[in-house]
Amino acid sequence: MTHLQRSKTLRWLCTLATAAALVIVLFPVYAVIVGSFESTQTLFSGTYYWLPHGATLDNYRTVIQAQSGHVLTSLIVGVGTAVLALIVAAPAAYALAKYRLRVTVILVSSLLVCQIVPSIVLATSLFIVFHWTHLVNSYPGLIIADGTYAIPFAILVLRAFFFSLPNEVMQAARVDGASEWQTFHRIVVPLARSAVITVAVFAFLSGWGDFIFALTILSGSGIEPITLGIYTYLGNYSTDWGAVMASGVFAMVPAGVMLVAAQRYIASGLTAGSVVG
Amino acid sequence: MHLTAWRRRQIAGWLFLTPAIAYILFAFALPIVYNVMLSFEETSPATIGDFTAPFAGLANYRFILNDPTSTAAIVHTFEFTAGSLFGQFVIGFALALLFTVRFPGRTLGRSLVIIPWLIPLFVTGVIFKFLFQLEGGAVNQLLVDVGLARHPIDWLDNPHLALWTLLIANIWLGVPFFTLLLYSALQDVPVEVKEAALMDGAGPWQRLRLVIVPIILPVIEVTFLLGFVFTVKVFDLVIALTGGGPANATQLITTWSYNLSFQQFSFGQGAALNNVLLLLAVICAPLYLLLSRDSLRRSSGAAR
């Protein structure tokens, strides 16, 4: 075999391997979407149908009636988490990157440690602390708890970005008589737009998809995000698969939107979050 | 009185930091300290409304050591974590290497492979529960149709299998993380190094083992460490997929701690088990600090 032929074969093998990997990656997503349109009879027939087997909107009818409130709740929590993450993280990241402060090293190290702390540890204590501070069963309580996923990450990513901004930008603003705050929010934040979007996307997804804090901090109150809504469908003995699949599709929508609209930010964010300065 | 510019900037810097410091104290420091306190308290359903309960000494820790489910949960957590990291690394690294080759479909593959990572963990658990059902599950249907199994396999309700099922689901969702990090590290390996190895007549396996792996080793270390930290925390997936069952066969530290605190209302015992988990995480902290500093220095020196 010539060298050229061999590299051509190799390339086709690579394509084949990628196709196989994508089948495994995409099949579960495909199965939920198809399942969400199947009738109860089909889902409980004891046979799995690889291709759509009749189509019905019944599951969506059930779910829209029962879950639209939950979708709204998840949206509020997701947006709230993103807003909280930006308010807390952006100024802090800026100070940690551009001001020579004595706490910088301690604070950056403790942020790294914060990322490591398991959510169940926080949830157990926060449940009682929130009882005490009247934050149980409330949006602010849940958003504060969900911020624990996003905020340390947000500060570290934004800080890495602010590092790359030349100091001259801020000096020019100061010479023009801008205050420290004006320099930050009129000059620095707009320049950091892509990093801010990355952080907001991540914070939104973490609030939207949160389960553990919703499960522990909202105990049987009116507030119920979509993940908890799905949980109630998973009975001990029988699961309403049609409704589960249809609400699962709803729960995956933001991820799908982000994949199309903000892909560049997601990939860069994932890498940035793990290599920190 | 006029403040000097330096003074003014110090004050501004501290003001910028205030919300973050307040947040860290309230949402991280307070719960961690309080968790330690709780683990020495004799909590009961009646004391939940109170901030403190009677002192219990080491009773909660003694309970954890003597409770078969707690010790099993600790063992499961180690098995689950080791298995996940192994699977995620092998598959993730293979995919990362694959994507460094130029071939049709490479860009599409690279962008779609991150999908598992975007789906809420809880939803992933639910989907796998659907796929691994005894009757009418896609996995059993495939195995029986192809002839690999004569009867449907009880993936979720067989105590000997359930942890494996959980492992498969967790590997599926964790591979993208390994792939992306290792892929970006492979991108940073200088072309000259690879060419030089090729000139010296090194085969593909030798190039990988003797040239590429040593260069990206710092990133591999950080990835493993972060993978470890993520995996010992896994909770949503387990609750959705198995709920810790059957017969506590998939009970991990996180899920059993939840059960102790929120279902049996023994917050003190839950907190003691939490501290075992916290200890595992805290052991990683200095390593992580050291490694992330190291890998940053090297990668910024190499290609960027």
Side-chain angles (χ1 to χ4, degrees), chain A residues 11 14-15 17-18 21-22 25 28-29 31-32 35 45-48 87-88 91-92 94-95 99 101 109 112-114 116-122 124-126 129 131-132 144 147-148 151 155 180 209 211-212 216 227 230 241 244 248 251-252 255 258-259 263 267 270-271 274-277, chain B residues 9 12-13 16-17 19-20 23 27-28 30-31 34-35 49 51 95 98 101 103-105 109 111-113 115-116 118-120 122-123 126-127 130-131 135-138 141 180-181 184 222 226 229 233 235-236 254 257-258 261-262 267 270-271 274 277-278 281 284-285 288-289 292 295-296:
Chain A
R11 258 184 276 162
C14 289
T15 307
T18 307
L22 286 187
V25 164
V29 179
V32 194
S45 66
T47 311
Y48 184 77
I87 290 176
V88 172
Y94 177 60
Y99 289 79
L101 298 166
S109 314
L112 288 167
V113 178
C114 284
I116 290 174
V117 179
S119 299
I120 186 68
V121 176
L122 301 176
T124 310
S125 302
L126 283 181
V129 172
H131 244 295
W132 203 50
I144 289 173
T148 57
I151 286 173
I155 298 178
E180 297 296 312
F211 174 70
I212 187 168
T216 50
T227 46
I230 298 175
W241 281 117
V244 168
M252 294 193 307
M258 300 302 172
L259 188 71
Q263 221 222 316
L270 183 60
T271 332
S274 46
V275 182
V276 275
Chain B
R9 247 182 261 173
F16 283 141
L17 283 180
Y23 183 83
F28 286 102
L30 172 64
Y34 187 50
N35 196 70
F51 199 61
L95 285 175
L98 180 68
V101 183
F103 62 89
S111 55
L112 289 183
V113 87
I115 285 179
L118 289 175
I119 301 173
F122 183 75
V123 176
V126 172
I127 299 175
F130 178 66
L131 297 178
E135 284 169 19
Q141 189 77 45
L180 271 194
L181 286 182
S184 71
V222 172
L226 286 173
V229 166
K233 304 191 207 190
F235 175 83
D236 305 14
T254 53
S257 154
Y258 166 75
S261 299
F262 290 93
F267 281 88
N274 278 342
L277 190 62
L278 200 58
C284 290
Y288 180 38
L289 293 178
S292 64
S295 81
L296 188 84

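A note on names: the letters A, B, ... follow the listed sequences, proteins ahead of strands, and every chain is numbered from 1. Please read these numbers as outputs of a predicted model, since none were measured by experiment.
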Q. At their closest point, which heavy atom of Pro91(A) faces which heavy atom of Val88(A), and how far apart are they?
A. CD-O, 3.9 Å

Q.
Can you tell me how the ring of Phe28(B) sits relative to the ring of Tyr23(B), calling it parallel under 30°, perpendicular over 60° and tilted otherwise?
A. perpendicular

Q. Which value, rounded to the nearest 0.5 Å, describes the distance between Leu101(A) atom CG and Phe16(B) atom CZ?
A. 10.5 Å

Q | Contact winner vs chain A - Ile115(B), Val123(B), Asn35(B), heavy-atom pairs under 4.5 Å | A | Asn35(B)

**Q.** Atom group of Ser45(A) that falls short of 4.5 Å from chain B, counting heavy atoms
**A.** neither

**Q.** When Thr47(A), Thr148(A), Ile155(A) are compared by non-hydrogen pairs under 4.5 Å with chain B, the top option
**A.** Thr148(A)

Q: Return the option, out of Leu122(A), Val29(A), Val113(A), with the maximum number of heavy-atom pairs under 4.5 Å with chain B.
A: Leu122(A)

Q) Could you walk me through whether Ile230(A) and Thr227(A) pass the side-chain contact (heavy atoms from CB on, under 4.5 Å) check? A) CA-CA 5 Å; Ile230(A) 298 175; Thr227(A) 46; 5.7 Å; no

Q.
I'd like to know if the side chain of Ser184(B) and the backbone of Leu181(B) have a donor-acceptor N/O pair within less than 3.5 Å.
A. yes

(Q) Report which part of Ile151(A) has an atom under 4.5 Å of a heavy atom belonging to chain B: side chain, backbone, both, or neither. (A) side chain

Q) Using non-hydrogen atoms only, which part of Val121(A) is less than 4.5 Å away from chain B: side chain, backbone, both, or neither? A) both

Q. Would a 4.5 Å heavy-atom cut-off, applied to side chains only, mark Ile127(B) and Met252(A) as touching?
A. yes

Q) If you look at every heavy atom in Thr18(A) and Gly105(B), which pair is closest and at what distance? A) CG2-O, 4.1 Å

Q) Given a strict heavy-atom distance threshold of 4.5 Å, which part of Ile116(A) is in contact with chain B: side chain, backbone, both, or neither? A) both

Q. Counting heavy-atom pairs under 4.5 Å to chain B, which of Val32(A), Ile87(A), Leu126(A), Thr124(A) comes out on top?
A. Thr124(A)

(Q) Shorter than 4.5 Å, heavy atoms on both sides: which option in Ala21(A), Gly35(A), Ala95(A), Ala31(A) has the most such pairs with chain B? (A) Ala95(A)

(Q) Given heavy-atom pairs under 4.5 angstrom as the criterion, report whether the side chain, backbone, both or neither of Val244(A) touches chain B. (A) side chain

Q: Determine whether Thr254(B) and Leu277(B) make a side-chain contact, defined as any pair of heavy atoms from C-beta on separated by less than 4.5 Å.
A: yes

Q: Looking only at non-hydrogen atoms, find the nearest pair between Gly209(A) and Asp236(B) and report the distance.
A: O-OD2, 4.3 Å

Q: Can you tell which part of Val126(B) gets under 4.5 Å to a heavy atom of chain A, answering side chain, backbone, both or neither?
A: both

Q: Please look at Phe211(A) and chain B and tell me whether the side chain, the backbone, both or neither of the residue comes under 4.5 angstrom of a heavy atom of that chain.
A: both

Q) Between Tyr94(A), Tyr99(A), Trp241(A), which has the largest tally of heavy atom pairs under 4.5 Å with chain B? A) Trp241(A)

**Q.** Separation of Phe267(B) CZ from Ser125(A) OG (nearest 0.5 Å)
**A.** 9.5 Å

Q) Which bit of Ala251(A) is near chain B, if near means a heavy-atom gap under 4.5 Å: side chain, backbone, both or neither? A) both

Q | Structural part of Tyr258(B) lying under 4.5 Å from a heavy atom of chain A | A | both

Q) Checking Tyr34(B) against chain A: side chain, backbone, both or neither under 4.5 Å from a heavy atom? A) both

Q) Between the side chain of Thr15(A) and the main-chain N/O of Pro104(B), is any donor-acceptor distance below 3.5 Å? A) yes

Q) Among Pro31(B), Ala20(B), Ala12(B), who wins on heavy-atom pairs under 4.5 Å with chain A? A) Pro31(B)

**Q.** Among the listed options Ala27(B), Gly13(B), Ala138(B), the residue most often paired with chain A at heavy-atom distances under 4.5 Å
**A.** Ala138(B)

Q. Checking Ser261(B) against chain A: side chain, backbone, both or neither under 4.5 Å from a heavy atom?
A. side chain

Q | Heavy-atom proximity to chain B below 4.5 Å, by part of Tyr48(A) | A | both

Q.
Among Gly248(A), Ser119(A), Gly147(A), which residue has the highest count of heavy-atom pairs closer than 4.5 Å to chain B?
A. Gly147(A)

